[in-house]
Colleague: 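Dumping the structure here so I can ask a few things about it.
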Amino acid sequence: MAVTEPQTPALEDGTPAAGETGSPPRPPARLLSLIVFVVGAASLGTEIAAARLLAPFFGASTIIWANTIATVLVALSAGYAIGGRLADRDPSLRGLCRIVLVAALLLAAVPFVADPFLTFAVDALDRVQAGAFVGSLLGVLVLVSVPVLLLGAAAPYAIRLSLERVEQSGTVAGRLYAISTAGSLVGVFLSALALIPLVGTRRTFLAFALALALVSLAGLRRRAALAAPAVVAALLAVPVGIVKASDSDERVIYETETPYQYARVIEEDDGERYLELNEGQAVHSQWQAGRWLTGNYWDGFLVLPFAANERAPRRIAILGNAGGTTARAYGHFFPRTAIDAVEIDGELTEIGRRFFDLRAPRLKTYSEDARPWLERQDRERFDAIFVDAYRQPYIPFYLATREFFTAVRERLAPGGALVVNVGQPEGSDRLERVLAAGMRAAGFETVLRDPLEIVNTLLVGTDATGAGPGRLRAAARGLPSQLGPLAVESAARLGPAPRGGEVYTDDRAPVEWLIDASLLRFAAKGE
């Protein structure tokens, strides 16, 4: 009887499956699962860290997130295609681990080589040159896309190595993609909830790089490969220093990454301090020893409630307290006023106490989101409610709707006033018109504006009869000496708020689109 040679199982293209004749031994399934899990975690953890890396320079706007997510998706897609081809050419564990190790080294380099790109990008933004800004931003994202592309190549590579028979391809692919997705979930939460708050953004990159370097050792035995994890681990010990440099006449005296944003305190030579968040294009709090007036928009909150009621407010709510510039001033000029200061980022409140003398005789602070906090105050009545909550350059959409303004109006005492800080690009009043329209739609009988800064207008909404500049001028005579002239100047600017804006609702409030369009128009003018 003739003896036939056993047939070698093959894939669709006729090449032997991994582990069969003509191919290296198939790696253990658990090892491949571990590699895929760590790669998935690093891919999405890197995405979160990349957005945080950009935030101190560009902010955390939807544009930044869209660019980051889009870059990661494109890189992963390209990696899938490239990884499949590489796996067919070299279906070995060594080939897979080599890709993972190179991705680890590139990822570890990101925190150290990003600064030149970031600095150039910030300069471009300061000059409002849209082309340079977009180009430099894409350049920064390329730093992340290259290692993410390599991580994307790992998934099809692992599938190729796991296939024993073509009939198992669906099961194998489904299992590995499920493991990769589970790793991605772990990477997202590990990055957002643990690594970034505890060790910072830059060391988050290094932590994922170290994990990748360690799992890559499974298929690499050379000394150079063994040295790679040691190098990455050593980089974790390198001090990160100051994330953003300051101008020559100021110094960074404190910086931190909170669960919500990057924050730093700047001190000038004369002792004046500023609180900057994320990209630093706006100042969120200001302080100087022995001074309570800032010469900035915060001063307007001290006098504008008197356009509605000549009596000093007995109780106020500040929604978006930051470091407490307004609360501190109220405590000085009106020590009998009860102050409820609400700030979603509790670390900013601590920064306020430490660096901005945040204190007042009747001050209560709340580390909560402004609107949910306000909604719960259904039995309270305030003489003034101030809205100064920005995640630059956007006001949260749910603080710009008819429903929100209705809730505010219901919690104002008779003669009370809502005062909203409207920050918008120079020469644009589109957001101001939208907010004024929402306030009118909520039932405010009088809506006024005080254009006290080029990029900051304070809107005032009230139901008080006779509210306006005349009442503010009359009240000026009874105000503290420093506030009287301020009230007179404000009364001279005070006038009706513009009309023609769209009324935003909780269902539809395209605040980000409106601000982005305004910024693009301003940039297009080349101003």
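Quantities reported herein were computed from a predicted structural model and do not represent experimental measurements.
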Colleague: Does the side chain of Glu47 come under 3.5 Å of the side chain of Thr68 through a donor N or O and an acceptor N or O?
Modeller: no
Colleague: Start with the C-alpha gap between Thr294 and Gln288, add the side-chain angles, then the distance that decides, and say whether side chain to side chain contact (heavy atoms under 4.5 Å, CB included) holds.
Modeller: CA-CA 8 Å; Thr294 63; Gln288 191 168 24; over 6 Å; no
Colleague: For a quick test of reading the model, state the closest non-hydrogen atom pair linking Leu479 to Gly484 and the distance between them.
Modeller: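 Nearest heavy atoms, Leu479 then Gly484: CB-N, 4.2 Å.
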Colleague: Does this structure show an ion pair linking Asp506 with Arg371, if we count only N-O contacts that are shorter than 4.0 Å?
Modeller: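 Counted as a salt bridge, because a side-chain N and a carboxylate O are separated by less than 4.0 Å.
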Colleague: Is a donor on one side and an acceptor on the other found under 3.5 Å between the side chain of Arg328 and the backbone of Leu358?
Modeller: no
Colleague: Rounded at 0.5 Å granularity, tell me how far CD1 in Ile344 sits from CG in Leu319.
Modeller: 11.5 Å
Colleague: Taking all atoms of both residues into account, what is the closest heavy-atom pair of Ala389 and Ile395, and its distance?
Modeller: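 In terms of heavy atoms, the two residues are closest at O-CG1, 3.5 Å.
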Colleague: Measure the spacing between CZ of Arg264 and CD1 of Ile253 and express it to the nearest 0.5 Å.
Modeller: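 If we round to the nearest 0.5 Å, Arg264:CZ and Ile253:CD1 are 11.5 Å apart.
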Colleague: Would you find a donor on one side and an acceptor on the other, under 3.5 Å apart, between the side chain of Tyr390 and the backbone of Asn421?
Modeller: yes
Colleague: Roughly how far, to the nearest 0.5 Å, is the CZ atom of Phe306 from the CG atom of Leu472?
Modeller: 9.0 Å
Colleague: May I ask you to decide if Asp450's main-chain N or O and Arg493's side chain share a donor-acceptor pair within less than 3.5 Å?
Modeller: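 No: the side chain of Arg493 does not pair with the backbone of Asp450.
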Colleague: Donor-acceptor pair, Thr406 side chain versus Arg402 backbone, under 3.5 Å?
Modeller: yes
Colleague: Can any side-chain N or O of Asp383 pair as donor or acceptor with the backbone N or O of Arg314 at less than 3.5 Å?
Modeller: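 It does hold such a pair.
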Colleague: Give the C-alpha distance, both sets of side-chain angles, the deciding distance and a yes or no for ring pair (Phe, Tyr, Trp, His ring centres under 6.0 Å) between Phe386 and Tyr297.
Modeller: CA-CA 12 Å; Phe386 303 146; Tyr297 76 90; over 10 Å; no
Colleague: Leu348 and Ala263: which non-hydrogen atoms are nearest, and at how many Å?
Modeller: CD2-CB, 4.0 Å
Colleague: Taking the six-membered ring for Trp and the single ring otherwise, decide whether the centroids of Tyr504 and Phe397 are under 6.0 Å apart.
Modeller: no
Colleague: Any idea which heavy atoms bring Gly40 and Ser184 closest together, and the distance?
Modeller: O-OG, 3.1 Å
Colleague: Are there more than 12 heavy atoms of other residues, nucleotides or ligands under 6.0 Å from atom CZ of Phe333?
Modeller: yes
Colleague: Mind checking the CD1-CD1 spacing from Ile316 to Ile385? Nearest 0.5 Å is all I need.
Modeller: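 Going from CD1 on Ile316 over to CD1 on Ile385, the span is 10.5 Å.
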Colleague: Just checking, is any N or O donor in the side chain of Ser285 or Arg273 under 3.5 Å from an acceptor N or O on the other one?
Modeller: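 On atom types as modelled, these side chains do not qualify, holding no pair under 3.5 Å.
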Colleague: Under a 4.0 Å threshold between the charged nitrogen and the carboxylate oxygen, would Arg449 count as salt-bridged to Glu432?
Modeller: yes
Colleague: Tell me whether Thr462 contacts the main-chain N or O of Ala464 through its side chain, where contact means a donor paired with an acceptor under 3.5 Å.
Modeller: yes
Colleague: Could you tell me whether the side chain of Glu343 and the main chain of Ala322 form a donor-acceptor pair under 3.5 Å?
Modeller: yes
Colleague: Assess whether ring pair (Phe, Tyr, Trp, His ring centres under 6.0 Å) is satisfied between Phe355 and Tyr254, documenting all intermediate values.
Modeller: CA-CA 9 Å; Phe355 296 102; Tyr254 181 76; 5.2 Å; yes
Colleague: Apply side chain to side chain contact (heavy atoms under 4.5 Å, CB included) to the pair Arg362 and Thr337, showing each step before the final yes or no.
Modeller: CA-CA 7 Å; Arg362 302 185 64 192; Thr337 298; over 6 Å; no
Colleague: Show the numbers, then the answer: is there a salt bridge (Lys or Arg N to Asp or Glu O under 4.0 Å) between Arg359 and Asp357?
Modeller: CA-CA 6 Å; Arg359 56 188 174 90; Asp357 193 26; 2.6 Å; yes
Colleague: Got a sec: does the CZ of Arg336 have more than 12 other heavy atoms crowding it under 6.0 Å?
Modeller: no
Colleague: Backbone N or O of Leu195 within a donor-acceptor pair of the Arg203 side chain at under 3.5 Å?
Modeller: no
Colleague: Using the rule given for side chain to side chain contact (heavy atoms under 4.5 Å, CB included), can you reason through Gln377 versus Phe382, listing the C-alpha separation, both sets of side-chain angles and the distance that settles it, and then say yes or no?
Modeller: CA-CA 10 Å; Gln377 313 306 310; Phe382 301 91; 4.2 Å; yes
Colleague: Regarding Tyr398 and Asp369, do their side chains bring together a donor and an acceptor under 3.5 Å, going by distance alone?
Modeller: yes
Colleague: Salt bridge (Lys or Arg N to Asp or Glu O under 4.0 Å) for Glu380 and Arg315? Distances and angles first, verdict last.
Modeller: CA-CA 10 Å; Glu380 305 296 339; Arg315 186 176 185 183; 2.4 Å; yes
Colleague: Between Glu276 and Val265, is there a donor-acceptor pair closer than 3.5 Å when you use the side chain of the first and the backbone of the second?
Modeller: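 No; zero donor-acceptor contacts below 3.5 Å.
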Colleague: With rounding to the nearest 0.5 angstrom, report the CZ to CD1 distance, Phe205 to Ile196.
Modeller: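 Rounded to the nearest 0.5 Å, the CZ-CD1 separation comes to 8.0 Å.
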Colleague: What are the two closest heavy atoms between Leu431 and Gly423, and how far apart are they?
Modeller: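 Minimum heavy-atom separation between Leu431 and Gly423: CD2-O, 3.7 Å.
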Colleague: Return the minimal non-hydrogen interatomic distance between Leu275 and Gly323, and the atom names on each side.
Modeller: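 In terms of heavy atoms, the two residues are closest at CD2-N, 3.9 Å.
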Colleague: Would you call Ile48 and Thr46 a side-chain contact if the rule is heavy atoms closer than 4.5 Å?
Modeller: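 No, every pair of side-chain atoms sits at 4.5 Å or beyond.
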Colleague: Provide the full list of salt bridge (charged side-chain N to carboxylate O under 4.0 Å, His left out) pairs with a residue in residues 462-476, sequence neighbours left out, each pair given once.
Modeller: Arg409-Asp463
Colleague: Count the heavy atoms belonging to other residues, nucleotides or ligands that lie under 6.0 Å from CZ of Arg376, then report whether that count exceeds 12.
Modeller: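 Count over threshold, so yes.
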Colleague: Less than 4.0 angstrom from a charged side-chain N to a carboxylate O is my criterion; do Glu445 and Arg440 meet it?
Modeller: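 The answer is no: the pair does not qualify as a salt bridge.
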Colleague: More than 12 foreign heavy atoms under 6.0 Å from CG of Asp507: is that the case here?
Modeller: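 Atom CG in Asp507 is not crowded, with 12 or fewer foreign heavy atoms closer than 6.0 Å.
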Colleague: Between OG1 of Thr465 and CG of Asn309, what distance do you get to the nearest 0.5 Å?
Modeller: 11.0 Å
Colleague: Go through the steps to decide whether Thr401 and Arg508 satisfy the test side chain to side chain donor-acceptor pair (under 3.5 Å), and finish with yes or no.
Modeller: CA-CA 9 Å; Thr401 66; Arg508 184 179 179 278; over 6 Å; no
Colleague: Whether the side chain of Ser367 engages the backbone of Asp345 through a donor-acceptor N/O pair (distance < 3.5 Å, no angle test) should be reported.
Modeller: no
